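Structure record follows, encoded as structure tokens.
Atom set for the values below is all heavy atoms of this structure, side chains included, hydrogens, waters and symmetry mates excluded. In this text, all values refer to a predicted model and were calculated from it rather than measured experimentally.
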Amino acid sequence: MQNEQHLLVECSYCKAYVNSEVLCDHASSDADWIRSLYSFTICPKCKEALLVVQEDYGKGWDAPLRVYPPQDKRINPNLPESIKDSFKEARLCFNSKAYTAAVIMCRKTLEGICNVHKIKENNLSDSLQKMKEAGIIEKNLFEWAEALRISGNEAAHDVSVVISAQDASDILEFTDAIIEYVFTFKDKFSEFLDRRKKLKEKPNAEVKK
């Protein structure tokens with residue numbers, strides 16, 4: 001069992017990442033053999049108690065996530081590393097109140113999604129259009145992606161533009177929705193259809209309507 005003396009985690013009271021002290025931990029595995037390491041830690045600044053979890057999907061323990069007090073949901077561990085890293089950085093920027101940087105990193109995440117699907121047009125606008133035409137994103141997500149792209153351009157190139165906390169939060173949510181649709185829900189739906197098809201192909205299979 002991994003037994004770290006300190007874990008870098010966001011303190012809910014200090015609103016900052018701190019090197020929390022591990023008091024005790026416990027490892028467990030679920031039915032799918034995903035290992036989880038729960039650590040009870042305290043913030044070195046305010047002494048707030050923090051419950052942290054790390055998971056192992058076969059590649060070693062991932063980054064610690066605070067589960068109490070609760071925070072944002074965990075980023076899908078099955079994402080391509082480039083997408084995961086860009087979106088993590090976007091959220092880190094937002095938590096640090098660097099809203100312009102957060103929006104720019106969301107735009108970079110969009111570019112990464114295009115690259116993962118081997119779509120590299122002359123600019124991001126054309127790449128997003130190609131993603132829509134290829135059925136990777138649908139109409140509503142395309143409109144969200146376009147709004148995100150424009151906001152990212154303004155944040156990166158127009159020094160007079162001020163990104164509010166609310167705008168940055170909305171853009172993070174739009175980016176998260178695009179990631180979830182492209183890398184999670186489409187795959188889940190395809191798996192669901194495959195299971196239904198195999199069930200129907202079985203002789204005398206009973207399919208509940």
(message) Between Glu81 and Lys84, does any NZ, NE, NH1 or NH2 come within less than 4.0 Å of an OD or OE carboxylate oxygen?
(response) yes

(request) Could you verify whether a donor N or O on one side chain and an acceptor N or O on the other, from Asp170 and Gln166, lie under 3.5 Å apart? (result) yes

(request) Find the distance between NZ (Lys108) and CD1 (Ile113) and round it off to the nearest 0.5 Å. (result) 13.5 Å

(request) Please report the shortest heavy-atom distance between Gly152 and Ile104, naming the atom on each side. (result) O-CG1, 4.3 Å

(message) Checking the side chain of Thr175 only, and the main-chain atoms of Ile171 only, is there a donor and an acceptor separated by less than 3.5 Å?
(response) yes

(request) Dump the intermediate steps for side chain to side chain contact (heavy atoms under 4.5 Å, CB included) on Arg66 and Ser12, then the final yes or no. (result) CA-CA 9 Å; Arg66 190 188 78 226; Ser12 59; 3.7 Å; yes

(message) Has Arg35 got a side-chain atom pairing as donor or acceptor with Asp56's backbone, closer than 3.5 angstrom?
(response) no

(message) Going by ring-ring contact (aromatic ring centres under 6.0 Å, His included), name the residues that satisfy it together with Tyr99, two or more places apart in sequence or in a different chain.
(response) Phe94

(message) For the CD atom of Glu21 and the CG atom of Leu50, what is their distance to the nearest 0.5 Å?
(response) 11.5 Å

(message) Checking the side chain of Gln129 only, and the main-chain atoms of Lys132 only, is there a donor and an acceptor separated by less than 3.5 Å?
(response) no

(request) Give a yes or no on whether the backbone of Glu121 and the side-chain of Ser127 come within a donor-acceptor separation of less than 3.5 Å. (result) yes

(message) Looking at every non-hydrogen atom in both residues, tell me the closest pair between Ile136 and Tyr181 and how far apart they are.
(response) O-CE2, 3.4 Å

(request) Report yes or no: does Ser36 contribute a side-chain atom to a donor-acceptor pair with the main-chain N or O of Glu55 at less than 3.5 Å? (result) no

